[in-house]
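The block underneath contains the structure these notes are about, expressed in structure tokens.
Source: prediction; values computed, not measured. Proteins come first, then strands; the chains are lettered A, B, ... in the order of their sequence lines, and each starts at number 1.
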There are 2 protein chains.
Amino acid sequence: MENTLFDFISKYISLTEEEKDAILSLDLFRFLKKGTTLLEAGQKSKNSYFVLKGCIRIYYIIDGEEKTTAFYTEMDALTPHCVINKAPSEYFISCVEDSILLISNSDMEAEINSKFPKFELMCRILSEELLAKERVDFDAFKTSSPEQRYMNLLQKRPDLIQRVPQHQLASFLGIKPQSLSRLRARLLEKKS
Amino acid sequence: MENTLFDFISKYISLTEEEKDAILSLDLFRFLKKGTTLLEAGQKSKNSYFVLKGCIRIYYIIDGEEKTTAFYTEMDALTPHCVINKAPSEYFISCVEDSILLISNSDMEAEINSKFPKFELMCRILSEELLAKERVDFDAFKTSSPEQRYMNLLQKRPDLIQRVPQHQLASFLGIKPQSLSRLRARLLEKKS
DNA sequence: CTAACTCGTTCACTTAAGTTAAAAAATACA
DNA sequence: TGTATTTTTTAACTTAAGTGAACGAGTTAG
């Protein structure tokens with residue numbers, strides 16, 4: 001668990017043993033049950049999440065319907081929009097599975113970043129990377145059909161298709177559950 | 001022009017006159033003609049862009065078709081994916097209009113960031129903001145129909161609809177030019 | 001144990017986007 | 001200015017996603 005975290009950090013900066021201990025002493029690890037809500041729409045929060053184990057999702061409630069738009073699994077980091085713009089959240093976050101998360105808050109992060117330039121550097125690089133990647137993902141979504149998106153997902157994140165309920169996958173792909181079901185049937189047909 | 005830049009920076013950090021002069025002495029401003037290509041797919045580059053005036057776009061060529069996925073206008077910043085992952089670019093960048101850009105390269109940025117922690121701080125905050133916003137934009141795209149996306153654009157970036165050719169807007173909205181034209185006709189019909 | 005729910009699938013029908021083609025309008029440029 | 005080129009619109013037809021409803025399997029709760 002600590003190893004997962006430090007392996008991740010080591011991709012960006014190197015930490016001394018003291019620094020590692022300092023991080024661990026903050027006691028940020030949290031064990032959460034499937035279905036636990038971490039953030040509600042309308043709510044303000046300062047918490048950021050890093051997934052050590054399990055899966056969390058972002059979803060909206062639009063016309064009474066849940067619309068899941070993003071999944072975060074092992075080694076994924078998420079700072080909600082409401083933390084950045086200090087406004088009520090536009091979306092919910094909850095656990096898709098029993099999960100182990102590192103939960104930090106923005107005040108604490110600001111303090112650490114100003115004390116340890118190394119950490120600030122890591123955060124900059126990480127968010128620049130995530131931003132560039134999000135851009136490319138968004139582009140791929142725009143330029144492809146639901147069927148292509150599904151096949152792309154099958155390639156890039158096959159695990160998701162196993163661990164996530166299909167109606168959540170459907171809205172993640174920008175379609176209705178019935179359409180995903182039909183689409184899958186269509187693909188099976190094609191293969192044979 | 002300098003003012004546009006410093007107004008932008010002042011939202012994040014405050015600069016002394018010396019620091020401002022130092023930035024200006026780097027001579028990063030570039031004047032570009034409409035249609036100029038800044039980056040080609042397959043090419044490697046270290047350049048980041050900040051739009052002071054005008055408009056640039058990201059586009060792909062898929063099956064011989066141009067697919068425009070993003071527009072950057074006044075006060076927008078863009079670091080291409082290829083700069084981040086040091087791999088050949090998956091997309092093109094070109095000027096939609098005559099534009100004034102600030103063009104920096106990643107080596108230079110790394111140097112400045114390590115010399116001036118203030119700058120590193122700005123870059124971190126900026127990319128965290130952009131990442132959170134990109135997430136919300138992507139979500140809005142996923143959860144809405146082409147018609148809703150168009151109406152949303154009409155509200156949020158009415159200028160774009162004026163300054164950008166419709167076939168580029170269409171792929172930005174994830175549809176074909178014919179569909180956008182039809183969609184617009186449908187909306188006009190509804191209004192009356 | 002059964003009633004209530006949730007989830008995935010199927011079906012018939014509606015709606016809108018994709019496709020192909022052609023014409024009309026706007027723009028560039030020689 | 002007139003011609004070429006690009007952009008936008010229109011139309012007819014195809015394809016696939018949305019909608020509303022129903023069904024069975026699996027799960028949960030009383």
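In this entry the distance linking OH of B:Y150 with C1' of C:dA17 reads 17 Å, nearest Å. Computed from coordinates, the A:L188 CG to C:dG8 P distance equals 16 Å when rounded to whole Å. If you take CZ of B:R184 and P of D:dT7, they are 15 Å apart, rounded to a whole angstrom. The distance from atom CG of B:D63 to atom C1' of C:dT19 is 14 Å, rounded to the nearest whole Å. Atom CG in B:L180 sits roughly 12 Å away from atom C1' in C:dA17 (whole-Å rounding).
In this pair, B:F141 and A:F141 present their aromatic rings perpendicular. The plane angle is above 60°, beyond the 30 to 60° band.
B:L180 places a side-chain heavy atom less than 4.5 Å from the side chain of B:R184. Side chains of B:I56 and B:V96 form no contact here, defined as non-hydrogen atoms less than 4.5 Å apart. Using a 4.5 Å cut-off on side-chain heavy atoms (C-beta onward), B:L102 and B:L5 make contact.
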Reading nucleotides 13-30 of chain D from the 5' end, what letters show protein touch, with B for base, S for backbone sugar-phosphate only, - for no heavy atom under 4.0 Å? ---SBBSB----------

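For B:T16, the side-chain hydrogen bond (donor to acceptor under 3.5 Å, both in side chains) partners two or more places apart in sequence, or in a different chain, are B:E19.
With respect to B:E129 and B:K133, no salt bridge is recorded, no charged nitrogen being found less than 4.0 Å from a carboxylate O. The pair A:E128-A:R124 counts as a salt bridge, with a side-chain nitrogen and a carboxylate oxygen less than 4.0 angstrom apart.
Shown for residues 160-168 of chain B: residues whose heavy atoms fall under 4.0 angstrom of DNA chain D, namely B:P165, B:Q166, B:H167.
Taking the ring centroids of A:F50 and A:Y72, they lie at or beyond the 6.0 Å cut-off.
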